[in-house]
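Heads up, the thing below is written out as structure tokens.
Residue indices begin at 1 and follow the sequence shown. Values reported hereafter were calculated over all heavy atoms of this structure, with side chains retained and with hydrogens, waters and symmetry mates removed.
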Amino acid sequence: MHAAERLTHAALDAVQAGDWALVGLCYVERERCLATLPVDRTIAARLLALDEQVRRAAHVAQAALAEQLAESARTRRHLLQIKAVHGAADRASGFHRAA
């Protein structure tokens, strides 16, 4: 297996593990490797296919992260609503919390 393929496989493993720093390092090393080692059409085609897998895995991770952020925002809004309701109820009853 070509060194660039090994690095791209490592990048795919890293993206699936969420290790974005390692993904970047793998691609930096792969760039160096491609600059110094010959690549035929077959290897280039395999690299493109692997790159597509990395891209898809990154897209899945991005979508999951976006959903987590949206859920966090919903939870925060809900907690603020609860806080506002309890604060209003405390003020109406004359209850004051000690600082």
Minimum side-chain heavy-atom gap H59-R56 below 4.5 Å:
no
Measure the spacing between CG of L34 and OG1 of T8 and express it to the nearest 0.5 Å.
7.5 Å
Which pair of non-hydrogen atoms, one from V15 and one from A57, has the smallest distance, and what is that distance?
CG1-CB, 3.5 Å
One should read off an interatomic distance between L12 CG and Q16 CD, to the nearest 0.5 angstrom, of 4.0 Å
Note: V39 and A44 closest approach over all heavy atoms is CG1-N, 3.7 Å
One should read off an interatomic distance between K83 NZ and Q81 CD, to the nearest 0.5 angstrom, of 13.5 Å
Mind checking the NE2-CZ spacing from H2 to R46? Nearest 0.5 Å is all I need.
9.5 Å
How long is the straight-line distance from CZ of R30 back to CG of D51, given to the nearest 0.5 Å?
4.0 Å
Please check if atom CZ in R74 has more than 12 non-hydrogen atoms from other residues, nucleotides or ligands closer than 6.0 Å.
yes
For C33 and L7 the tightest heavy-atom approach is CB-CD1, 4.3 Å
Shortest non-hydrogen contact from A11 toward V54
C-CG2, 4.4 Å
Euclidean distance, H78 NE2 relative to L80 CG, rounded to 0.5 Å:
10.5 Å
Here the pair of heavy atoms bringing H9 nearest to L50 is CE1-CD2, 3.5 Å
Mark yes or no for whether S72, through its side chain, and Q68, through its backbone, hold a donor-acceptor pair below 3.5 Å.
no
